[in-house]
Engineer: 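Pasting a structure below so you can have a look.
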There are 2 protein chains.
Amino acid sequence: MKITAVITTIVCCLAVSGYVYAYAGDGSNLWLPGPEKGNASVLLSAKSTPTTDIAVRELSDYWNGGKVLLEIKKDKESKRDSYRINKSDGTTTITAPSDIGLLYGTYRLLQMQQMGRTSGDIAISESPFHDIRLLNHWDNLDGNSERGYAGRSIFWNVRGFPDAIGENDMAGIANSPLNSEKYARANASLGINGTVLNNVNASPKMLCTEVLEMAAKYADVLRPYGIRVYLAVNFSSPVVVGGLKTADPMDKEVQKWWKAKAREIYDLIPDFGGFLVKANSEGQPGPMDYGRTHADGANLLAGAIRPYGGIVMWRAFINNPTDPDRAKQARIEFEHLDGQFLDNVIIQVKNGPIDFQPREPFNALFGALNHTAEMPELQITQEYLGQANHLAYLGTMWEEFFDEVRQYADYTRHQLSGRYNAIAGVANTGTDADWTGHPLAQSNWYAYGRLAWNPNLDAETIADEWTSLTFPELNESQHSTLVSMLMRSREAVVDYEMPIGLTHQFGDSHYAPGPWDNRPIRRDWLPVFYNQADADGIGFDRTKATGTDNTSQYHPDFGNVMEDISSCPDKYLLWFHHVSWSHRCQSGRTVWEELCYHYQNGLNEARDLQRQWNSLEGAVDTDIFHDVKIRLMTQTRDAQWWKDGSVLYFQSLNGMPFPDFLEPPVHTLEECKNSNLNVGLYRSPGHEELNRVR
Amino acid sequence: MKITAVITTIVCCLAVSGYVYAYAGDGSNLWLPGPEKGNASVLLSAKSTPTTDIAVRELSDYWNGGKVLLEIKKDKESKRDSYRINKSDGTTTITAPSDIGLLYGTYRLLQMQQMGRTSGDIAISESPFHDIRLLNHWDNLDGNSERGYAGRSIFWNVRGFPDAIGENDMAGIANSPLNSEKYARANASLGINGTVLNNVNASPKMLCTEVLEMAAKYADVLRPYGIRVYLAVNFSSPVVVGGLKTADPMDKEVQKWWKAKAREIYDLIPDFGGFLVKANSEGQPGPMDYGRTHADGANLLAGAIRPYGGIVMWRAFINNPTDPDRAKQARIEFEHLDGQFLDNVIIQVKNGPIDFQPREPFNALFGALNHTAEMPELQITQEYLGQANHLAYLGTMWEEFFDEVRQYADYTRHQLSGRYNAIAGVANTGTDADWTGHPLAQSNWYAYGRLAWNPNLDAETIADEWTSLTFPELNESQHSTLVSMLMRSREAVVDYEMPIGLTHQFGDSHYAPGPWDNRPIRRDWLPVFYNQADADGIGFDRTKATGTDNTSQYHPDFGNVMEDISSCPDKYLLWFHHVSWSHRCQSGRTVWEELCYHYQNGLNEARDLQRQWNSLEGAVDTDIFHDVKIRLMTQTRDAQWWKDGSVLYFQSLNGMPFPDFLEPPVHTLEECKNSNLNVGLYRSPGHEELNRVR
């Protein structure tokens, strides 16, 4: 049965000159189309649904390239959310097997128009690589957002939490039609089709009926945009919320509790996506508290929601080390469980083996499981890359990751082998006017979405797209300047924070430098553990020959190259090797010179980012210009702290003179050590004023 | 009658290797000879005096170049403190018309030995250019030192002052034989022959009998070294100390009081040098309070001490402007009084017409008086050149001054025309272990002394001498590095503080930048008055054509060059001209670019000073190295504040983009404005610890 509804809408073009318009200065519009200017007739050749309604409305509002036909064509070969766009003879047709495919095609077409790529004929066929494309919001019910640097949670603001969930209040998108729509549009425009509404360090109260009812409201808002709701759950929920005596996965009452809870959830949210679980990690409860395995725990939840089509994403960020090398831990802990997980369990693995550092090789767990689905967890929020103060476009970092797993972890084969094919990104959204704190950090939300759809896209293409969509007012040379800024930015952070394979050199805040940090806490939380620096040398020996044998965890094509110091690239040198300060790098410089070179280069690059941005004054909105300018200023100051603190600390160990090219420090080591907290907590001047809450 | 005393002393050489030795790390030894190593026989062919005793002792302790003969030869042609040194056939003879000449010759010979210049024959004849070579100590009885940045007063620490002068206590050199001797030796080694013991903002109580008795003790300590004591006096002393109703110079009682006071002083200090007076300036009382002139006031004091051979140094730093251009004021105020002063009055004139700025043209009062002696007042303490935190060797600044007055103010002729021939330098001494706060600021005390003796010496020669004497441990290349640092240092300060003729851009502290300062106080105390910057241009118009006609105050050879914008050198451009931001400088850059260029260059130079100093690690004493290193670090940070604050403020007026070569600011204008106090007050880290009080 096929019903064809024909809706023709013509909306007058607003008074904007051509296609070029500047958005409001608060950055709230993201990369979405600006002031309405649609003037086209839109024909829907399909049953009207809330989703097709949105597609038609978006086209009516913004498309001005003539007639558009939206058509559903079922096609067993094609994924449900794929689409085709064809334009010839002035008519554009979007074809898809489903309404959501039509919506995705619609957004793509509008983006092409914003980028000025719709003048000639079009013939596009798009199908997503990952089927499940998720945002993970580390948001707490009390309104705080863990590792969020853009204000407060956009979902939760439960007054009186945790004592009084009953008298609750939902802040953020659900209370604001404009913003809930914008959040949904922004995600749908990238193809993001799921969102975990709360922190992986999950409150058990998340599963209270009152909170589930709130989640259901979000689900209703997001559903028409093809976005499913997921929840992070606490493994102890049966005890805390259910009043049981145990959360042991083998306990019948526990199993019954989860089944009942699943039923309750699906009654409220029929298309509920599933659970995300952080268990037996950093103090969170889990099955091992009861002598069970990760598989036992994951299967408990997976079994409860399997009847409804839900999935369980079980995180492999374990962080309770049983091996002296934390980098090996995830693979050690999960490889032997392969085959024991139910088929709706996905192991969610951070891209790198440590923790979202500015540069890490890929986690050796990728490609290691033959009977269990795996999904990458990327971090969009810049916990370790300058938070909301620094510019760090992560497209380049993720491109590096996908290049590696494609080449050395059989990523493509694994993901397409019939198992769940998913990806998650830890969101950088908050209540700041521009959603992301740093206006240019919107590019990371965008880049994540694009790579979730197609991990083969290169970072520069994405940066180019985002810049065109977000700053259409720039001329060609200004556009190139901004793209160039994005493309250089992450390497700059690597350079001034932790070059040539150093990792986790942070103070407590995960912001300020702390290479000297040697407090009496767990060794594998300490910078000195990761740099292993002393009078003679520096670096963490992960070789088979003399170290932790992390290299053997990898495919030989990767592991052997890393094992051999003569082939290990400089960028991973101190990750895999402990070397003397006078060791000669591939660059020709000694390790000491190479470190100094990169720290200095990072500072120079930060200055150059300022210089590049300043050249855009007058070309971009004044408020945005000023906001970013101040943040870049802060970034350069921080780069100076990082450079000074790092070279001074390492010099205090090796006693070697600074190379001539190093700008002498302007802070003492003592000042760097003491500045830790202040640097970590300061926000860029004017931040409060700039980031007026939406 | 001629008595010849022959004293032969042989002192064994201490266990030092050759002539190269490093001094104790506290810098307290200044440029004086280090550990004793004399091994020569010294013959005095003259009547023994306390002064010849010192000469003999110094040679006995430190000279190891064979026999030395000290001989007094009266000679009407020669100045009393001139000397000759001749060395041939292994015997060295120092000849002078007086014992002090012998002592000066002795120090010179020892310096030549320290510099390794005594191996061959020697034939030197030296006679000082200025007859009166003074230090002015701006020290208060309560122990504070105005514009002192090296601790507290070395002379005064009167407990309970000002209420209880009776129960006094003299701190500093008089209480420490070692330090009183070192202060005297240091000055005598340069030929400094007078010292004003107290601040020009003088307490009337300075003339209390109790305080005069203290001054007499200092006079006793300094006398053998040829150093006379002078006092700064308050014009109201007859009222405050004497209990009179007026200090009117025409009042008979007042005249009587000063005569009696003079007698009292000369009873205590028979060789008392005279008075220094700051009158009717910055709130100080003076003759104009009674409708009298500077001449009336000066003559009152001059008359009182004339019978004893004393002089009055009457300061021309008036600072109660009657002309809209403060630069013209000194000449306006004193020129018409020429001829009215007694012959023992000297007008003491700051080198520049404003106030000890990093760069000023010479004061137009120089050369303007035909019947009155004038003397320059130089400022050794770095009130406006980074105080004790920045390296600024002032030899180059003073060389510039002497070059100008020699060329355009007939300095040589005036000074040698039979009138008093004097010079004063405002001391940079304090109770810090190294005397001067910044260890390298000792070079300014040294340079002042050398130029007071011979203003034709060039700055580099002096820097070279001082470096050889103070850091004999440096090899040739290290020596050159330090000399190069000194030689570049003042221009670096000019560049980051106030380039191309800008002046007095300071905040309240005379340390931090304040180009925006526009408080409701006297206009001619404000940076905005001196920069005259607005949207269109910048600079103070002192031309005859359109400005204040300051140029006509100068000799035409100078004034005409300054008047004509095409010949006015860039370094004085904004001093003499108000120009548009796009005015083309002689450099080829616009004024805006030129300003930015210099601010940036100043910052770059500060960094390079750090780099140069760091290359001396291990070569100089560890404590001194660390101390200077920290100060240079502070200097670079300050240079950053100066550069950022200045370019941001001027940009806020002219709206012009920064040139590409300018490193983008890392502080906001608001931060620069707010940092004023903090920057002004902070001392380099570790300062308290480093500057242990002697």
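First the proteins, then the strands, lettered A, B, ... as listed; each starts at 1. What you see is a predicted model; the values in this text were computed from it and never measured.
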Engineer: A side-chain contact here means heavy atoms from C-beta on lying under 4.5 Å apart; do B/Met633 and A/Pro665 qualify?
Structural biologist: yes

Engineer: Taking atom OH as the centre, does B/Tyr649 end up with more than 12 heavy-atom neighbours from other residues, nucleotides or ligands that are less than 6.0 angstrom away?
Structural biologist: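 Above 12, so yes.
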
Engineer: Would you say B/Phe650 has more than 12 foreign heavy atoms packed within less than 6.0 Å of its CZ?
Structural biologist: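 Counting other residues, nucleotides and ligands, CZ of B/Phe650 exceeds 12 neighbours.
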
Engineer: Tell me if a side-chain donor or acceptor on A/Arg607 pairs with a main-chain N or O of B/Glu663 at a distance below 3.5 Å.
Structural biologist: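 Looks like no, no N/O pair under 3.5 Å.
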
Engineer: Name the option with the most non-hydrogen atom pairs under 4.5 Å to chain B; the candidates are A/Asp660, A/Asn614, A/Asp608.
Structural biologist: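 Option with the top pair count is A/Asp660.
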
Engineer: Please flag which part of B/Leu662 lies under 4.5 Å from any non-hydrogen atom of chain A: side chain, backbone, both or neither.
Structural biologist: backbone

Engineer: So, the side chain of A/Arg611 versus the backbone of B/Pro664: is there a donor-acceptor pair under 3.5 Å, distance only?
Structural biologist: no

Engineer: Nearest 0.5 Å please: distance from the CD atom of A/Glu617 over to the CD atom of B/Gln651.
Structural biologist: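 So the CD of A/Glu617 and the CD of B/Gln651 are separated by 6.5 Å.
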
Engineer: Just how far is it from atom NE2 of B/His667 to atom CD1 of A/Ile630, taken to the nearest 0.5 Å?
Structural biologist: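 If we round to the nearest 0.5 Å, B/His667:NE2 and A/Ile630:CD1 are 11.5 Å apart.
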
